[in-house]
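Contents: one structure, followed by commentary.
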Amino acid sequence: MSTSPRQLSTAEGFLCGGLAACLAVTISNPAEVAKTRLQLQGELVKGGGVKVYNNAFDAMIKTWKNEGIRGMQRGLGVAYAYQIPLNGSRLSFYDPFRRTINRVFGWSSTDQIPITSLVAGAASGAVGAIIGNPLFLVKARMQAYSPALPIGTQRHYKNSFNALATIWRTEGIRGYFRGMDAAILRTAMGSSVQLPTYNWTKNQLVGNAILPGDSVWTFLASSSVSGVCVCLVMQPADTALTRMYNQPTTKLPDGRVVGALYKSPIDCLWRTVKTEGVLGWYKGSLAHFLRITPHTIITLTMNDVIRNLYKDLAWGRSYV
């Protein structure tokens with residue numbers, strides 16, 4: 001009698017995925033600092049305004065010269081905390097969501113069907129974005145802050161705990177969920193292609209006997225393709241998210257604290273394209289590529305490696 005391979009529980013997958021993402025963010029964080037600042041440069045200014053940073057490499061070099069390693073890794077602590085709910089959710093909920101959707105429509109739960117893979121990826125990403133929004137908000141604001149070359153609204157938080165306390169005091173509980181609609185849009189768009197393209201590439205490589213299924217080279221090749229796809233799909237929404245998180249706030253007569261520049265991610269994209277053109281959506285795209293590609297490669301590769309190591313340790317090599 002044949003048996004299907006033993007599956008990790010959702011909790012086990014959550015922890016493995018979160019650990020893999022924490023390893024990845026250590027490498028990708030300097031590029032994300034550069035991306036954040038480039039996305040805010042010339043915000044809603046016709047012609048782009050004065051350029052502080054010429055490109056992604058210039059941004060990283062100037063950050064290193066003026067702020068050192070602390071500036072390069074600004075927001076890293078809260079980035080670690082954010083990776084657990086975001087990528088833990090994205091990597092652990094994807095397969096359960098996909099299998100469930102397949103069963104609902106009468107398909108085999110093991111089949112890799114493009115439409116259900118896209119929906120499952122978007123749904124799992126949206127869950128992570130909702131859970132992790134307060135942490136992502138703090139991370140974006142801390143990365144935008146520069147004592148040497150300030151761009152955009154500047155908020156000097158001493159640390160992530162001080163940031164959370166300050167937001168609570170000045171913006172209330174609603175402040176923690178500022179930009180959540182943009183976060184859901186961004187993460188759903190990225191997640192809708194991240195795991196489906198990774199799994200499709202991996203299946204093609206293994207199915208056509210190009211590479212073995214348990215090879216690190218298979219993981220690297222699959223995650224490289226996935227990283228490029230994520231960057232292309234997610235960039236406009238990522239720019240909108242950065243700007244919504246970092247925009248100044250104003251207090252209305254009824255006491256509500258709202259964003260002073262944008263009402264929604266769609267409003268942000270519209271106002272950006274009106275004043276800066278379509279290229280305004282793609283500010284920081286090279287830095288985004290330099291961030292998302294190694295991040296995706298390391299996250300997905302290490303997720304497979306960590307899951308396999310965990311299975312070997314917990315169940316032994318003959319697990320089924």
Side-chain angles (χ1 to χ4, degrees), residues 25-45 48-83 86 132-172 174-180 182-183 186 238-251 257-262 268 272 280 283-284 286-288 290-291 295:
V25 80
T26 306
I27 305 300
S28 65
N29 196 65
E32 182 154 28
V33 172
K35 174 191 72 71
T36 299
R37 296 178 181 184
L38 285 164
Q39 288 173 330
L40 295 171
Q41 182 169 257
E43 184 176 13
L44 299 183
V45 177
V50 178
K51 278 192 174 183
V52 175
Y53 306 114
N54 295 318
N55 53 55
F57 297 109
D58 184 54
M60 286 189 277
I61 290 169
K62 286 179 177 175
T63 300
W64 172 260
K65 286 182 176 178
N66 289 284
E67 303 171 52
I69 188 65
R70 183 176 182 180
M72 295 286 285
Q73 291 288 17
R74 202 170 291 280
L76 181 61
V78 72
Y80 283 141
Y82 171 69
Q83 292 303 319
L86 174 66
N133 193 77
L135 299 174
F136 201 168
L137 170 70
V138 169
K139 178 178 69 69
R141 291 182 175 181
M142 292 183 76
Q143 289 175 334
Y145 173 72
S146 172
L149 299 171
I151 286 179
T153 302
Q154 297 286 286
R155 297 175 175 89
H156 185 199
Y157 300 131
K158 296 177 182 177
N159 51 54
S160 54
F161 297 105
N162 173 251
L164 291 169
T166 302
I167 293 170
W168 174 269
R169 186 175 64 254
T170 59
E171 302 177 46
R174 290 170 62 94
Y176 291 148
F177 299 98
R178 189 172 309 286
M180 188 168 68
R186 169 196 177 272
D238 188 75
T239 299
L241 176 63
T242 298
R243 294 185 169 193
M244 288 197 68
Y245 275 162
N246 199 63
Q247 67 177 318
T249 58
T250 184
K251 195 169 187 177
V257 178
V258 299
L261 299 179
Y262 313 111
C268 177
T272 298
K283 283 184 174 179
L286 175 58
H288 192 193
L290 295 174
R291 180 258 169 192
H295 187 89

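Worth saying up front: this structure is predicted, and the values here are computed from it rather than measured.
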Is there a side-chain contact between [X] and [Y], using heavy atoms and a 4.5 Å cut-off?
| X | Y | value |
| --- | --- | --- |
| T242 | K35 | yes |
| L241 | M244 | no |
| M72 | M60 | yes |
| H295 | I27 | no |
| I167 | V138 | yes |
| Y176 | L164 | yes |
| R243 | L261 | no |

For residues [X] and [Y], report the shortest heavy-atom separation together with the two atoms involved.
| X | Y | answer |
| --- | --- | --- |
| L137 | G175 | CD2-O, 3.0 Å |
| N133 | A183 | OD1-CB, 3.4 Å |
| F57 | L286 | CE1-CD2, 3.8 Å |
| N29 | R74 | ND2-O, 3.3 Å |
| L38 | G284 | CB-CA, 3.8 Å |
| E171 | R178 | OE1-NE, 2.9 Å |

Could you verify whether a donor N or O on one side chain and an acceptor N or O on the other, from [X] and [Y], lie under 3.5 Å apart?
| X | Y | value |
| --- | --- | --- |
| Y157 | R141 | yes |
| T153 | Q247 | no |
| N246 | Q39 | no |
| T26 | Y80 | yes |

### Task
Could you check V258 against T250 for side-chain contact (heavy atoms from CB on, under 4.5 Å), going step by step and ending with a plain yes or no?
CA-CA 6 Å; V258 299; T250 184; 3.8 Å; yes
Distance check, rounded to the nearest 0.5 Å: [X] atom [atom1] versus [Y] atom [atom2]?
| X | Y | atom1 | atom2 | result |
| --- | --- | --- | --- | --- |
| L149 | Q41 | CG | CD | 10.0 Å |
| H156 | T166 | NE2 | OG1 | 10.5 Å |
| K139 | T36 | NZ | OG1 | 6.0 Å |
| D58 | K51 | CG | NZ | 10.0 Å |
| R37 | Y145 | CZ | OH | 10.0 Å |

### Task
Could you tell me whether the side chain of Q154 and the main chain of S146 form a donor-acceptor pair under 3.5 Å?
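Checked: pair present.
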### Query
Does a side-chain N-to-carboxylate-O contact under 4.0 Å join K62 and E67?
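No, K62 and E67 are not salt-bridged.
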### Query
Which class fits the ring pair Y82 and F136: parallel under 30°, tilted 30 to 60°, perpendicular over 60°?
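Y82 and F136: tilted rings.
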